[in-house]
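So the structure is just underneath, and the comments pick up after that.
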Amino acid sequence: MARRGDSLELAVLGLLHESPMHGYELRKQLNAVLGWGRLLSYGSLYPALKRMLKAGWIAEQSRTGTAGTGSVGVSRRQRIVYELTPAGEARFADLMGQAGPAAWEDENFDVRFAFFSRTDMEIRLRILEGRRTRLEERLERVQGQLERTQKQMDRYAMELQRHGVESVQREVRWLSDLIAAERDAGDQGPVDNQPTENA
């Protein structure tokens with residue numbers, strides 16, 4: 001997975017894996033649960049849903065809903081609900097089984113992590129370790145640049161750089177804790193995998 005569209009595809013498949021949803025509910029879950037830095041528009045979601053329908057990964061079901069609260073003049077309208085097909089379940093399993101470099105890049109990691117409870121422990125470890133290594137490389141590079149350029153920066157630029165370094169250091173510590181917990185769980189045998197929240 002390398003494009004944002006691929007991340008969106010994985011997120012949609014993962015949410016529909018939990019339960020069927022209509023477009024509004026799906027968009028709300030994508031924006032709230034995955035916590036993306038920018039809101040997902042219907043202009044991004046519906047073309048992705050159409051591609052996934054065409055691929056046979058999801059199916060549409062029309063369900064009748066009610067509008068209004070009174071018994072007189074209640075209108076009924078059709079609502080399209082999206083659900084995962086067997087091909088969609090296989091696609092989701094395939095995507096969650098991938099543990100290459102794209103899985104730990106900024107664009108994909110949060111989406112993958114949101115569905116970690118459906119991922120094999122060895123794959124989770126590979127992704128967490130890959131992410132940590134990538135961030136450690138980034139940290140080393142940024143700290144080197146900071147040392148070379150700090151004399152040329154004003155204090156606000158310096159504070160922004162320092163904030164960036166501290167953020168990456170925090171994520172590296174968090175990843176190290178997760179990796180240690182995964183290894184401990186692996187040493188103790190099979191456990192019920194619960195999603196871990198990034199506090």
Handout entry: Non-hydrogen atoms of V111 and S7 that approach each other most closely
Key = CG1-O, 3.6 Å
Problem - Nearest-0.5 Å distance that lies between atom CG in L175 and atom CG in L135 - result: 6.0 Å
Exercise for the section: Can you establish whether the number of heavy atoms outside Y24 located under 6.0 Å from its atom OH is more than 12? Expected result: no
Handout entry: T85 side chain to A59 backbone, donor-acceptor under 3.5 Å
Key = no
Practice task
Compare all side-chain heavy atoms of M21 with those of K28 and state whether any distance is below 4.5 angstrom.
Solution key: no
Problem - NZ/NE/NH1/NH2 to OD/OE distance under 4.0 Å, D120 and R126 - result: no
Problem - Nearest heavy atoms of Q98 and I123, plus distance in Å - result: O-CG2, 4.2 Å
Practice task
Would you confirm whether N108, through its side chain, and A103, through its main-chain N or O, come within 3.5 Å as a donor-acceptor pair?
Solution key: no
Handout entry: E140 atom CD, over 12 foreign heavy atoms within 6.0 Å
Key = no
Problem - Close side-chain approach of L128 and F109, heavy atoms under 4.5 Å - result: yes
Handout entry: F115 and L13: CA distance, side-chain angles, deciding distance, side chain to side chain contact (heavy atoms under 4.5 Å, CB included) verdict
Key = CA-CA 10 Å; F115 302 110; L13 291 172; over 6 Å; no
Problem - Spacing of CD belonging to E171 relative to CD belonging to E136, to within rounding of 0.5 Å - result: 11.0 Å
Exercise for the section: Side-chain contact test, heavy atoms from C-beta onward, threshold under 4.5 Å: evaluate it for W57 versus L84 and give yes or no. Expected result: no
Exercise for the section: Begin with the C-alpha distance, continue with both residues' side-chain angles, and end with the deciding distance and a verdict on side chain to side chain contact (heavy atoms under 4.5 Å, CB included) for F113 and I127. Expected result: CA-CA 9 Å; F113 192 80; I127 292 170; over 6 Å; no
Exercise for the section: Compare all side-chain heavy atoms of E60 with those of Y82 and state whether any distance is below 4.5 angstrom. Expected result: yes
Practice task
Hey, can you tell me if F92 and H17 have their rings parallel, tilted or perpendicular (30° and 60° cut-offs)?
Solution key: tilted
Handout entry: Min side-chain heavy-atom separation L10-M96 under 4.5 Å
Key = yes
Completion exercise
Distance col, row E25:CD vs L30:CG, nearest 0.5 angstrom, shows 10.5 Å
Exercise for the section: Report the distance from atom OH of Y46 to atom CG of L53, rounding to the nearest 0.5 Å. Expected result: 11.0 Å
Handout entry: Minimum side-chain heavy-atom gap I80-Q61 below 4.5 Å
Key = no
Exercise for the section: Indicate whether any N or O donor in one side chain lies under 3.5 Å from an N or O acceptor in the other, for S62 and R79. Expected result: no
Handout entry: Salt-bridge contact R162-E159 (side-chain N to carboxylate O under 4.0 Å)
Key = yes
Problem - Residues, nucleotides or ligands: over 12 heavy atoms within 6.0 Å of E122 CD - result: no
Problem - Close side-chain approach of L26 to L16, heavy-atom, < 4.5 Å - result: yes
Exercise for the section: Report yes if the side chains of T133 and W104 come closer than 4.5 Å at any heavy-atom pair, otherwise no. Expected result: no
Handout entry: Side-chain ion pair, R138 and D106, N-O less than 4.0 Å
Key = yes
Exercise for the section: May I ask you to check whether R170 and S167 show a side-chain donor-acceptor distance below 3.5 Å? Expected result: yes
Practice task
State, to 0.1 Å, how close A87 and G56 come at their nearest heavy-atom pair, and which atoms those are.
Solution key: CB-O, 3.6 Å
Completion exercise
In terms of heavy-atom contacts, S44 and L8 come closest through O-CD2, 3.7 Å
Completion exercise
When rounded to the nearest 0.5 Å, the distance separating CZ of R91 from CD of E9 is 4.5 Å
Practice task
Quick one: pull up CD in Q29 and CD in E18 and give me the separation to the nearest 0.5 Å.
Solution key: 7.5 Å
Handout entry: R132 bridged to E129 by N-O distance under 4.0 Å
Key = no
